[in-house]
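Computed from heavy atoms alone, side chains included, the values below leave out hydrogens, waters and symmetry copies. As the structure is a prediction and not an experimental result, all values here were calculated from the model. Throughout, protein chains are lettered first and strands after them, A, B, ... in sequence-line order, and every chain is numbered starting at 1.
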Amino acid sequence: MSKVRVRFAPSPTGPLHIGGVRTALYNYLLAKKNQGDFILRIEDTDQTRFVEGAEQYIKESLSWLGISPDEGPGIGGNFGPYRQSERKEMYQPFVTQLLEKGDAYYAFDTVDELEQMRARMKKTGMQPRYDTTSRMSMKNSLTLSKDEVEKRMAEGAEYVVRIKMPRKEEIKFHDEIRGYVSVQSNQIDDKVILKSDGLPTYHLANVVDDHLMGITHIVRGEEWLPSAPLHVMLYKFLGWENTMPKMAHLPLILKPEGKGKLSKRDGDRLGFPVFPIEWKDPSTGEMSMGYREEGYLPEAVINILALLGWHSSNNEEIFSLSSLVNEFSLSKVNKAGARFDIDKAKWFNHQYIIQKPEKEILDDFSTYLKSNNIQKNDEYLLKIIPMIKERANFIHEFLQEGEYFFSPPIEYDSKAMKKKWKTVGVEFGKEFLNKANQLEEYNAENLHQLFHQLIEEKNVGIGQVMPTMRLAVTGKAGGPPIFEILSVIGQKEVQKRFTEAVTKFPV
RNA sequence: GGCCCCUUCGUCUAUCGGCUAGGACGCCAGGUUUUCAUCCUGGAAAGAGGGGUUCGAUUCCCCUAGGGGCUACCA
């Protein structure tokens, strides 16, 4: 059995949609599961849609997520070049072959003529397309005399090459996810395979490249399913039927609500990213948010995307990239489109935040703090990270969650103040701090002990006095264990905050 | 409009003819906690409809309905 080789083949027309990222991921998983190769191929045959920086964006996204290609532009490999624009001459022999065998033909129709043809057909209730019947009334090498065709070519007339679809034939192929799919050939039009600028269209290019690059499995989005029969015909015409790659068409990622596939607009409207990393449109300057910048961990994004359309039968949901590689199978990929669920996405991120070692969180957290003009040493941060990480979905929430670690409270939870800011608590607090200030070591354990001693001595309820202390020092009603907070903030600062609170809110 | 694909809790999904239909997110209730979060326990919540096939259908087939995709010299 030959080595598994799969390709991810985006076109560099802008930022990579997360649906595309998932396609890349599934390709990667299939490759690695079988010790195969994952190839990045840039499908830039449409020069008019080329966007500066898009290719770099794609590579950076994949690299951030840890699904780096084994071969690709700038990476190397034995099947290059990996940009279709750089493979231009490689397609010509196959076009010639198709032409000579009569499986393709030249067409000289102008845009206007094509439009007229479509309008005409529509009017008479026919399907508007360039196909087995309508081609006979158009200007092409099937209708024009050989002399006329040669004359036009000699004059340098613009032309395209179209595939000549058989009139009546069942095209049947097997999809790894959907089973057998069959279509009548007369439902497919004579698609352009070579454009007038001399570059192939996607259809020809992907077939030729997949063949030349030894691709064994095509894993792509469901939007390609309708053109798959066309590709099958091309494999047939080119004589590659026996080595045709297996095909798998992935279900689409749908809007969280409403109709249709997930779009950038949904993200903007509902406030979540649809792109892996931030993107700035070079022509408009418009920014699109990315998962990376919004505080998602790459391993969380991988996990989220993996579960959108694929599921393990053992009910597990938390998967690292390497466990996905072990578990993944095309046969477990779902057929139906999956609605994107941002709440579950956040939950995944939360899981990975909790799981993540403090030292690894440190970098991101201190970078975030610096951008907010807050400087604290690593030792200090390392103490507070474990206290707040399970309370946050994102690292940028750490600051908000634990703002009292960086500055005295500005606001005090009014509901809690009303309920818990009472004489008994304040008096107790004063006495507790007096004693605490005498402590040899101002640490959580000692503070805890002292506090409980005093409670017994005074015979007060813990709920009457502890919230008071928390409110005075943090301004909040909830949070990590109070004695740990006190010990981290430090004796002097605690005393200061308490005194201030008492002054502000006399009882 | 035409063609193709799809259809289990609100959402992601398990089930490959035997189901008291399982899990996860979210939601609700209880427990733990001074508190919030975490964690634990419990709860509400689904097989689009109609026909077949079968001893038996969520599972196989057909029809209807609904959803999605494609329908360019774009990918």
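Residue-level contact check: A/K261 touches the backbone only, with heavy atoms under 4.0 Å from sugar-phosphate atoms and none from bases. Residue contacts shown for A/K191 are absent, as no nucleic acid heavy atom lies under 4.0 Å away. Within the nucleic acid shown, A/H350 comes within 4.0 Å of sugar-phosphate atoms alone, with no base atom in reach, counting heavy atoms only. Note on A/I388: nothing from the nucleic acid sits closer than 4.0 angstrom, heavy atoms only. Among the heavy atoms of the strands lying under 4.0 Å from A/P481 is at least one base atom, whether or not backbone atoms are also near. Using a 4.0 Å heavy-atom cutoff across all strands shown, A/G125 reaches no nucleic acid atom at all.
Sorted by first and then second residue, the salt bridge (Lys or Arg N to Asp or Glu O under 4.0 Å) pairs with a member in residues 165-182 of chain A read A/E169-A/K236, A/R178-A/E222; sequence neighbours excluded. Within the structure, the ring-ring contact (aromatic ring centres under 6.0 Å, His included) test picks out the following pairs touching residues 332-356 of chain A (sequence neighbours left out): A/F272-A/F340. Among residues at least two apart or in separate chains, ring-ring contact (aromatic ring centres under 6.0 Å, His included) pairs with a member in residues 459-483 of chain A are A/H448-A/F483, A/F451-A/F483. A salt bridge (Lys or Arg N to Asp or Glu O under 4.0 Å) check over residues 251-265 of chain A, counting only residues at least two apart or in different chains, returns the pairs A/K255-A/D266, A/E257-A/R269, A/K264-A/D268, A/K264-A/E286. Applying the salt bridge (Lys or Arg N to Asp or Glu O under 4.0 Å) definition to pairs two or more places apart or across chains, those involving residues 109-119 of chain A are A/E113-A/K139. Screening residues 190-201 of chain A for salt bridge (Lys or Arg N to Asp or Glu O under 4.0 Å) gives A/R135-A/D190, A/D189-A/K191 as the qualifying pairs, with residues at least two apart or on separate chains.
Using P as the reference atom, B/C28 and B/A65 are 40 Å apart when rounded to the nearest Å. Taking atom C1' on both nucleotides, B/U15 is separated from B/A24 by 16 Å, rounded to a whole Å. The separation of B/C9 from B/A14, taken at their C1' atoms, amounts to 13 Å, rounded to a whole angstrom. Rounded to whole Å, the separation between the C1' atoms of B/C39 and B/U33 comes to 11 Å. Of the P atoms belonging to B/U54 and B/C12, the separation is 35 Å, rounded to the nearest Å. B/U59 and B/U8 have their P atoms separated by 12 Å, given to the nearest Å. Distance noted for atom C1' between B/G22 and B/C16: 15 Å (whole Å). The same atom, P, is picked in B/A21 and in B/A45; the two are 13 Å apart, to the nearest Å.
Scored by the side chain to side chain donor-acceptor pair (under 3.5 Å) test, A/R220 finds A/Y202, A/H231, A/H249 as partners (sequence neighbours excluded). A/E390 pairs by the side-chain contact (heavy atoms from CB on, under 4.5 Å) definition with A/I354, not counting sequence neighbours. In this structure, the side-chain contact (heavy atoms from CB on, under 4.5 Å) partners of A/K332, at least two apart in sequence or on a different chain, are A/W310, A/S313, A/S329.
Partner assigned to B/U53 is none, using Watson-Crick or G-U wobble distances below 3.5 angstrom.
Counting to the nearest Å, the C1' atom of B/U8 and the NZ atom of A/K335 are 14 Å from each other. If you measure from atom CD1 of A/I177 to atom C1' of B/G69, you get 15 Å, rounded to the nearest angstrom. If you measure from atom CE of A/M126 to atom C1' of B/G2, you get 13 Å, rounded to the nearest angstrom. If you measure from atom CG of A/D343 to atom P of B/A24, you get 17 Å, rounded to the nearest angstrom.
Which of B/C4, B/G1, B/C25 sits closest to the side chain of A/W347 comes down to B/C25. Closest to the side chain of A/Q187, out of B/C6, B/C25, B/G2, is B/G2. Closest to the side chain of A/V183, from the set B/A37, B/C4, B/C5, is B/C4.
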Within the sub-3.5 Å range, which N or O atoms of nucleotides 11-14 of chain B have a protein N or O partner, and how far apart are they?
from  : atom 1 : to     : atom 2 : distance (Å)
B/C12 : OP1    : A/R339 : N      : 2.9
B/C12 : O2'    : A/L307 : O      : 2.9
B/U13 : OP1    : A/G309 : N      : 3.0
B/U13 : O2'    : A/H311 : ND1    : 2.9
B/U13 : O2'    : A/H311 : NE2    : 3.2
B/A14 : OP1    : A/N334 : OD1    : 3.3

What's touching nucleotides 73-75 of chain B from the protein side, N or O pairs under 3.5 Å?
from  : atom 1 : to     : atom 2 : distance (Å)
B/C73 : OP2    : A/R162 : NH2    : 3.2
B/C73 : O2     : A/S196 : N      : 2.8
B/C73 : O2     : A/S196 : OG     : 2.7
B/C73 : N3     : A/S196 : OG     : 3.0
B/C74 : O2'    : A/D46  : OD2    : 3.0
B/C74 : O2'    : A/R49  : NE     : 3.1
B/C74 : O2'    : A/R49  : NH2    : 3.2
B/C74 : O2     : A/R49  : NH2    : 3.3
B/A75 : OP1    : A/T45  : OG1    : 2.7
B/A75 : OP1    : A/K195 : NZ     : 3.4
B/A75 : OP2    : A/Y202 : N      : 3.2
B/A75 : O3'    : A/E43  : OE1    : 3.4
B/A75 : O2'    : A/S11  : OG     : 2.9

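No N or O donor and acceptor, one from the side chain of A/R129 and one from the base of B/U71, sit under 3.5 Å apart.
The 5' end of RNA chain B is approached more closely, in terms of each residue's nearest nucleotide, by A/G179 than by the other of A/Q351 and A/G179. Residues A/Y180 and A/A477 both approach RNA chain B. Their nearest nucleotides, taken by heavy-atom distance, put A/Y180 toward the 5′ side.
Listed in residue order, the members of residues 414-422 of chain A having a heavy atom less than 4.0 Å from RNA chain B come to none.
Counting only heavy atoms from C-beta outward, the side chains of A/M213 and A/R7 never approach each other to under 4.5 Å. When side chains are defined from C-beta on, A/I39 does not count as touching A/P69, because their heavy atoms never get closer than 4.5 Å.
Judged by distance alone, the side chains of A/N443 and A/E445 never bring a donor and an acceptor atom under 3.5 Å apart.
If you look at A/F394 and A/Y296, their ring centroids are closer than 6.0 Å.
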